[in-house]
Visitor: 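Let me give you the structure first, and then I'll get to my questions.
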Number of protein chains: 2
Amino acid sequence: MPVSHRPTLADVASAAGVSVSTASLAFSGAGPIADATKQRVLDAAASLGYSGPNPLGRQLRSGKSGIVGVVVGDALRRAFREPVAVQLLDGLVDTITPLGLGVLLIPGPTSPEQPAVDPLVESAAMDIAVMLWGGTLDDPTLEALARRGIPVVVVEGHDLTDVVTVGIDDRGGMADLAAHLRDLGHERVATVTLPFGPDRRGGLADTARLQDIAWSIPRRRLDGLVDAGVQPVAVYETPASLVEHGAAAARALLAGPVGSRPTAVVAQSDLLASGVVLGARELGLRVPEDVSVAGFDGLDLPWLAPDVLTTVVQPIADKGAAVGLAVGRILAGETPEDEVLPVALRTGTTTGPAPR
Amino acid sequence: MPVSHRPTLADVASAAGVSVSTASLAFSGAGPIADATKQRVLDAAASLGYSGPNPLGRQLRSGKSGIVGVVVGDALRRAFREPVAVQLLDGLVDTITPLGLGVLLIPGPTSPEQPAVDPLVESAAMDIAVMLWGGTLDDPTLEALARRGIPVVVVEGHDLTDVVTVGIDDRGGMADLAAHLRDLGHERVATVTLPFGPDRRGGLADTARLQDIAWSIPRRRLDGLVDAGVQPVAVYETPASLVEHGAAAARALLAGPVGSRPTAVVAQSDLLASGVVLGARELGLRVPEDVSVAGFDGLDLPWLAPDVLTTVVQPIADKGAAVGLAVGRILAGETPEDEVLPVALRTGTTTGPAPR
DNA sequence: ATGAAAGCGCTAACAA
DNA sequence: TTGTTAGCGCTTTCAT
């Protein structure tokens, strides 16, 4: 007699004249089963329209959901305009798909006024979580995950205990870039930074503001400049890594007379840098003859062609893979080390000798 | 006596001296419970480090996972370079988050040679699936989901039965755009299209290839041109909606002598159109004096500033919201109608009178 | 190679 | 208002 509800393994088993446990074996392959029996079960399943074991039952039984929660560091919209985040996610997915894991998207805090944690953080099923661009030290998301006993991998965050961190050598990379500019004779260097924290101010940062950098990436990239002996003559903070904010920064930084104007601008991302290039051109300045511009990330920027941006190339796909690997290890019960991936300076056509 | 494993509701209940069902009520609020009792349960939970009901148990019991599987029409990497897809996803997430639903990312087929369906499609827990840029008619993903009895919402796909479709008026929008160009006196109009199908060829499309458009968006947008009486003098198919492919198309289409060169190029996406603008400029052509360029989507293109692209603006966030709404309705047992959202022509600075 | 039985953690009837 | 009971669908000992 046919069942009216969606068939279960029990229905299939009885239709095939075997026990549920045998039927289970036919699907999972996790145990000895006669070929003939297996075929009988599969046939019964087909005729009942049974499409395989219900994942919910399987998950409860195994205690695993097969889900990796990925907390994108900010509103989705913003995170996805970030080519770095997108490419990293791509590398991550490539790595964990073979492990039978899937990515659950978890929006980060939408605004600083709304520090509430997304409900998914509190109650979605997940075996592990990845925090993209890992927030601040006292992140409530981190707390909630810890309370739930969910292990966490943090990308580009502060060094925390109890959490595996994957990042790049921001500081060293930026120092290399600064050295490159110094070698070209630049002495007045300005920098355009990523947002310092969730409040995302835009504009020139004064000394007070510079003490107040909550996020680790802008902090480390700024430190890298100084490491190489380049004390920026101006620091312009942007509210987001977008071309238009780079252009705005250029207008603010490069409007002055030749004598006091910076001869080089270092942006903390390629998107910002490309905005600086466009903004500089708008002001009638030639790049790199009048002003050198450099970035960070190593993206393709087709709209800058035929120019090639001087930048620090980070291995984004590798970073995603490293995160995926760490996820796999943790779920396998291992405790992987923190990882810092190397970066490389790429000299393009947007930097040249300082004008004299 | 404390428990060594992660505490369960039963542990909390016994610590609080109540039954499990009462303890359940303390967390779910789905039933009458005395304030004092509830507090006792919550206290017991706190002291045991119990962080709320295990979602796996809850899901099995309720038969719902709270998960919306989103099949991105192509490899993640590619899908996320598509600003339209990203913004749509953002609108979708905004709409379903309040419903207590989360998005599980499911990669589409990576390459045409590998038509295998992602394992997540076969066996991940999800209550409903959304197909972004909804594939072809005989999509194996669609089949698999149907077999599993998972309802589907298709975005920008063919009109299918048994599936709710959300889309925009591609054809009408493109017809409006074509009429605009016609009114400006353009008679030699070329078009740069999105990929015709998973094989993603690049280059001029001949008559045979034009019969072979598997994906519905390029099809409809092409039809829209013709509807308005604009028979393109050349159709250039791109392998992806990227700036560099637009530039390549411009080089191929606009290299000829003035007399035979198209006076206008219509691209099927803004990214492609901006590439066409850049490519035209590379060839020494002025936009719009020598050649008019128009796109489709209505994106912000900061690197084109101060120019503003003439384009067909589609309501991307609304589309995401419409998808989310449809998802909610379906899960509530309703059967929402297909939806076609309106678009609007935006006249920018990149189109002008045909040169004479 | 197959079957019987237990139980993953929870919620929802229903009874008290 | 609280407790008892019965599963949700599956996998996994363990016995046969």
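Reminder, nothing fancy here: chain letters follow the sequence lines and each chain counts from 1. Bear in mind that the values here come from a model prediction, so they are computed numbers and not experimental data.
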Visitor: Among all residues two or more places apart in sequence or in another chain, which pass the side-chain contact (heavy atoms from CB on, under 4.5 Å) test with A10(B)?
Guide: T8(B), V20(B)
Visitor: Test of understanding: with side-chain contact (heavy atoms from CB on, under 4.5 Å), list the residues that count as partners of A321(B), not counting sequence neighbours.
Guide: T95(B)
Visitor: Test of understanding: with salt bridge (charged side-chain N to carboxylate O under 4.0 Å, His left out), list the residues that count as partners of R40(A), not counting sequence neighbours.
Guide: none
Visitor: Sorted by first residue and then second, give each side chain to side chain donor-acceptor pair (under 3.5 Å) pair with at least one member in residues 116-128 of chain B; sequence neighbours left out.
Guide: S65(B)-D127(B)
Visitor: Show me, pair by pair, the donor-acceptor contacts under 3.5 angstrom made by side chains of residues 322-338 of chain A, not counting sequence neighbours?
Guide:
{"unit_1": "D338(A)", "atom_1": "OD1", "unit_2": "T165(A)", "atom_2": "N", "d": "2.9"}

Visitor: So does V121(A) get a backbone contact from the side chain of R148(A), meaning a donor-acceptor N/O pair under 3.5 Å?
Guide: yes
Visitor: With the sugar-phosphate defined as primed atoms, P, OP1 and OP2, and the base as all remaining atoms, what B/S/- string results for nucleotides 9-16 of chain C, 5' to 3', for protein heavy atoms under 4.0 Å?
Guide: BBBB----
Visitor: Tell me which pairs pass side chain to side chain donor-acceptor pair (under 3.5 Å) where either residue lies in residues 46-55 of chain B, with sequence neighbours left out.
Guide: none
Visitor: Not counting sequence neighbours, which residues clear salt bridge (charged side-chain N to carboxylate O under 4.0 Å, His left out) with K38(A)? List them please.
Guide: none
Visitor: What residues, two or more places apart in sequence or in another chain, satisfy side-chain contact (heavy atoms from CB on, under 4.5 Å) together with S14(A)?
Guide: none
Visitor: Salt bridge (Lys or Arg N to Asp or Glu O under 4.0 Å): which pairs involve residues 45-67 of chain B, sequence neighbours left out?
Guide: none
Visitor: Over the length of the helix from dA1(C)-dT16(D) to dA16(C)-dT1(D), how much do the five-pair end axes diverge, rounded to 10 degrees?
Guide: 30°
Visitor: Going 5' to 3' along DNA chain D, which are the first and last nucleotides with any atom under 4.0 Å from a heavy atom of chain B?
Guide: dT1(D) to dG9(D)
